[in-house]
Amino acid sequence: QKEVEQNSGPLSVPEGAIASLNCTYSDRGSQSFFWYRQYSGKSPELIMSIYSNGDKEDGRFTAQLNKASQYVSLLIRDSQPSDSATYLCAVRDNNAGNMLTFGGGTRLMVKP
Amino acid sequence: DTEVTQTPKHLVMGMTNKKSLKCEQHMGHRAMYWYKQKAKKPPELMFVYSYEKLSINESVPSRFSPECPNSSLLNLHLHALQPEDSALYLCASRITGGRGPDGYTFGSGTRLTVV
């Protein structure tokens with residue numbers, strides 16, 4: 001059973017701070033990793049994808065991957081109240097219809 | 001067109017009703033997915049279609065019946081549902097082959113309530 005684990009939160013950070021969201025996965029053979037943002041009552045929105053060890057930056061977002069530790073994280077710099085949402089970590093199984101397995105999500109609250 | 005369109009956005013149905021959810025994309029994606037999401041839970045995979053053929057059925061009860069009439073359209077036919085089937089039903093699509101542009105594109109979902 002492939003598992004993706006996240007702390008459910010809520011993670012509360014003040015406006016302007018760095019929010020750090022973490023995710024671990026059980027399948028060492030996983031190759032593709034994604035972060036989705038989901039506002040309450042809305043569908044998930046892809047914000048970052050990462051495939052190689054190291055950091056990948058896109059605007060205020062940085063994804064970090066460490067395959068040896070089976071760990072992927074998302075940093076949000078200069079957090080804004082509009083960043084308040086649930087962040088879903090997802091891992092893709094290249095051998096099973098490329099299906100995504102989601103973690104339980106971390107709820108982020110950015111306080112003004 | 002970079003969207004996945006789902007209709008209807010909201011659906012209330014009785015346990016004896018038959019209804020269908022529709023999903024459409026015109027991005028040329030050849031993999032399409034149905035996910036079910038309960039409140040405060042992550043999406044759970046139901047079905048995977050690859051090149052219009054059902055490739056994965058995650059042991060979904062037969063009261064849910066998927067259909068992929070063509071490469072742009074995915075339906076989910078509903079019959080004799082139970083109240084516990086009330087959830088947000090998400091359709092997603094993905095380009096096949098290689099790694100990118102990658103990630104799934106999700107539709108806005110259908111909020112289903114079974115009464």
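Proteins get letters first, then strands, A, B, ... in listed order; numbering begins at 1 in each.
Expressed to the nearest 0.5 Å, how far CE of B:Met46 lies from CE of A:Met99 amounts to 13.0 Å. B:Lys40 NZ to A:Thr86 OG1: the interatomic distance, rounded to the nearest 0.5 Å, is 7.5 Å. Atom NZ in B:Lys41 sits 15.5 Å away from atom CZ in A:Phe102 (nearest 0.5 Å). The CG atom of B:Leu45 sits 8.5 Å away from atom CG of A:Leu100, with the distance rounded to the nearest 0.5 Å.
In this structure, the portion of A:Leu88 lying under 4.5 Å from any heavy atom of chain B is its side chain and not its backbone. For B:Glu44, no part sits under 4.5 Å from any heavy atom of chain A, backbone or side chain. In this structure, the portion of B:Tyr35 lying under 4.5 Å from any heavy atom of chain A is its side chain and not its backbone.
With hydrophobic clusters built from ILVMFWY side chains whose heavy atoms lie under 4.5 angstrom apart, B:Met15 shares a cluster with B:Tyr89. Cluster membership check: A:Phe61 shares its hydrophobic cluster with A:Leu65, using side-chain heavy-atom separations under 4.5 Å among Ile, Leu, Val, Met, Phe, Trp and Tyr. In terms of hydrophobic clustering, with Ile, Leu, Val, Met, Phe, Trp and Tyr side chains grouped at heavy-atom distances under 4.5 Å, B:Leu73 and B:Met32 are assigned to different clusters. Under the 4.5 Å side-chain heavy-atom criterion for grouping Ile, Leu, Val, Met, Phe, Trp and Tyr, B:Leu88 is not connected to B:Phe64 through any hydrophobic cluster. Follow the hydrophobic side-chain contacts under 4.5 Å out from A:Val4 and you reach A:Leu74 in the same cluster.
Taking the ring centroids of B:Tyr104 and A:Phe34, they lie at or beyond the 6.0 Å cut-off.
Heavy-atom neighbours of B:Lys38 NZ from other residues, nucleotides or ligands within 6.0 Å: above the threshold of 12. The 12-atom threshold is exceeded at NZ of A:Lys56, counting heavy atoms of other residues, nucleotides or ligands nearer than 6.0 Å.
Among A:Gln38, A:Glu45, A:Lys42, the residue making the largest number of heavy-atom pairs under 4.5 Å with chain B is A:Gln38. For the set A:Pro44, A:Gly103, A:Gly104, the count of heavy-atom pairs under 4.5 angstrom toward chain B peaks at A:Pro44.
With hydrogens and angles disregarded, no donor-acceptor distance shorter than 3.5 Å links the side chain of A:Ser43 to the backbone of B:Gly109.
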